[in-house]
Amino acid sequence: MNIDVPQQLVQSHGDEHPEWLAALPRLVNDFLGRWSLRREGPTWHGCASLVLPVVRADGTPAALKLQPPTEENAGTALALRTWNGDGVVQLLEYDPDTSTQLLERLDETRPLSAVPDDTTAITVLAELLARLTAVPAPAGMRRLADVAAAMLDQTPDAVPALRDPAERRLVQRCADVVAEVLGEPGDRLLHWDLHYDNILAGGREKWLAIDPEPLAGDPGFDLLPALDNRWDDVVASGDVPGTVLRRFDLLTEALGLDRRRAYAWSMARVLQNALWDIEDGEIALQPVQLAIAEALSARS
């Protein structure tokens with residue numbers, strides 16, 4: 001079976017995973033045979049993975065997901081097995097050598113981002129996130145404590161790259177706040193990337209989360225992807241700080257979080273995004289990240 005590798009995957013993985021890209025057509029055919037799958041319909045893809053709708057030998061619809069093994073997805077199979085389908089897509093098969101997954105088929109045409117009412121959408125996300133982060137992280141999961149400590153180590157060398165002194169001060173403030181909570185990093189199983197497009201309509205449940213990049217840590221570290229969802233709508237509200245804080249309050253209430261700690265770990269995400277951008281050569285913070293940090297800091 002011929003597989004055309006999407007250009008978006010080539011752009012994302014061409015430098016770091018050229019061998020995986022070259023092997024992708026062969027991997028697809030290997031796993032279709034190994035797991036007795038029949039392809040059904042066109043492929044889907046994002047910037048990180050290729051997904052094929054398939055049917056198992058018993059007639060069950062499923063999704064074959066192929067992605068290069070990375071540090072971020074190394075714990076995905078363990079996390080999905082730990083959650084065991086509670087609020088999240090079910091893992092049916094897994095190959096640890098290639099990170100290839102066979103997953104429960106969800107409706108990729110119906111992401112939560114298609115729900116027009118923001119209160120409804122953020123409530124669905126919050127309820128799912130509360131269920132996911134209620135689960136203790138299993139042994140061996142990547143730890144927020146290590147991620148946060150590494151960020152604090154990187155900050156002094158990174159901050160001078162920012163052009164605006166006010167932005168340099170903001171990043172340093174983020175680091176100072178993270179340092180205050182570093183000793184209590186938490187032990188819950190985190191999704192790390194739960195936004196509206198990572199929640200799809202399902203059959204056994206109305207909505208299910210997909211694509212975790214799991215981590216063991218404080219649930220407050222999981223809030224920021226929900227705060228910057230559909231940012232154009234946030235801007236269109238005419239009250240950016242108020243909308244950010246409304247989302248933050250709804251999330252912290254649903255998850256039962258202490259808002260001071262949730263603020264600190266949300267600022268950790270701002271710090272993480274800033275460090276990634278600086279590493280990529282940026283000399284200014286993303287306006288969205290700046291607006292969120294300012295809104296949360298004003299409340300704190």
Check residues 155-165 and write down every donor-acceptor pair under 3.5 Å in which the side-chain atom is one partner and the other belongs to a residue at least two apart or another chain.
unit_1, atom_1, unit_2, atom_2, d
Thr155, OG1, Met151, O, 2.8
Asp164, OD1, Ala166, N, 2.8

Step-by-step salt bridge (Lys or Arg N to Asp or Glu O under 4.0 Å) determination, Glu40 to Arg56: CA-CA 10 Å; Glu40 183 181 62; Arg56 305 182 82 183; over 6 Å; no
Would Ser237 and Asp239 satisfy side-chain hydrogen bond (donor to acceptor under 3.5 Å, both in side chains), going step by step from the backbone distance to the final call? CA-CA 5 Å; Ser237 73; Asp239 181 10; over 6 Å; no
Minimal heavy-atom distance between Tyr94 and Arg81, with the atoms involved, is CB-NH2, 3.6 Å
Task: Geometric class of the Trp192/Phe221 ring pair [parallel <30°, tilted 30-60°, perpendicular >60°] - done: tilted
Exercise for the section: Report the C-alpha distance between Val181 and Arg261 in whole Å, list the side-chain angles of each, state the deciding distance to 0.1 Å, and finish with yes or no for side chain to side chain contact (heavy atoms under 4.5 Å, CB included). Expected result: CA-CA 7 Å; Val181 294; Arg261 285 182 56 80; 4.1 Å; yes
Residues Leu227 and Arg247: closest non-hydrogen pair is O-NH1, 2.9 Å
Side-chain polar contacts of residues 120-129 - donor-acceptor pairs under 3.5 angstrom, sequence neighbours left out - could you list them?
unit_1, atom_1, unit_2, atom_2, d
Thr120, OG1, Asp117, OD2, 2.8
Thr123, OG1, Thr119, O, 2.6

**Report entry** Glu104/Arg204 ion pair, N-O < 4.0 Å
**Finding:** yes
key: Derivation of the side chain to side chain contact (heavy atoms under 4.5 Å, CB included) call for Ser297 and Arg173   = CA-CA 10 Å; Ser297 296; Arg173 188 193 321 151; 3.1 Å; yes
Which of Thr76, Thr100, Asp211 passes side-chain hydrogen bond (donor to acceptor under 3.5 Å, both in side chains) with Lys65? Answer is Asp211
**Asked** Going hydrophobic residue to hydrophobic residue with side-chain gaps under 4.5 angstrom, can you get from Leu275 over to Met267?
**Response** yes
Looking only at heavy atoms, the pair that brings Asp222 and Arg269 closest together is CA-NH1, 4.1 Å
If hydrophobic clusters are built from ILVMFWY residues whose side chains come within less than 4.5 Å, do Val51 and Leu200 share one?
no
Residues at least two apart in sequence or cross-chain that pass side-chain hydrogen bond (donor to acceptor under 3.5 Å, both in side chains) with Ser113, listed by chain then number, are Asp197
Exercise. Identify whether the distance between the nearest side-chain nitrogen and carboxylate oxygen of Arg259 and Asp249 falls below 4.0 Å.
Key: yes
Requested in this report: State whether the number of non-hydrogen atoms from other residues, nucleotides or ligands found under 6.0 Å of Glu282 atom CD is greater than 12.
Outcome: yes
message = Using a strict threshold of under 4.0 Å (side-chain N to carboxylate O), is an ion pair present between Asp118 and Arg230?
response = yes
- Item | 4.5 Å side-chain heavy-atom contact, Asp218 and Pro185 | no
Tightest non-hydrogen contact, residues Val54 and Ala63, listed as CG2-N, 4.1 Å
**Report entry** Sub-4.5 Å side-chain heavy-atom contact between Leu27 and Trp20
**Finding:** yes
I'd like to know whether Leu189 forms a side chain to side chain contact (heavy atoms under 4.5 Å, CB included) with Leu132, so could you lay out the CA-CA distance, the side-chain angles of the two residues, the decisive distance to 0.1 Å, and finally the verdict. CA-CA 7 Å; Leu189 184 53; Leu132 297 179; over 6 Å; no
**Asked** Does Asn73 offer a backbone N or O that forms a donor-acceptor pair with the side chain of Glu213 under 3.5 Å?
**Response** no
Hydrophobic clustering (ILVMFWY, side-chain heavy atoms < 4.5 Å, transitive) - are Val288 and Leu223 grouped together? yes
### Common cluster, Ile210/Leu50, ILVMFWY with side-chain heavy-atom separation under 4.5 Å
no
Polar contact flag, side-chain donor to acceptor under 3.5 angstrom, Gln286-Asn273 | no
Q.
How about CG on Asp232, more than 12 heavy atoms from neighbouring residues, nucleotides or ligands closer than 6.0 Å, or not?
A. no
Please examine the side chains of Pro212 and Leu80, heavy atoms only from C-beta on, and report whether any two atoms are closer than 4.5 Å.
yes
### Query
If Ile, Leu, Val, Met, Phe, Trp and Tyr residues are connected whenever their side-chain heavy atoms lie under 4.5 Å apart, and connections chain through other members, are Trp44 and Val55 in the same group?
no
Paired with Met141, the side chain to side chain contact (heavy atoms under 4.5 Å, CB included) test is passed by just one of Asp187, Leu78, Leu215, namely Leu78
Query - Electrostatic pair Asp146-Arg143, nearest N-O below 4.0 angstrom - result: yes
Quiz item: Quick one: do Glu180 and Arg260 make a salt bridge, cutoff under 4.0 Å?
Solution: yes
- Message: Let's go through Asp95 and Thr98 carefully: what are the C-alpha distance in whole Å and the side-chain angles of both, what is the deciding distance for side chain to side chain contact (heavy atoms under 4.5 Å, CB included) to 0.1 Å, and is it a yes or a no?
- Response: CA-CA 6 Å; Asp95 179 69; Thr98 63; 2.7 Å; yes
Between Ala179 and Leu152 the two heavy atoms that sit nearest each other are CA-CD1, 3.9 Å
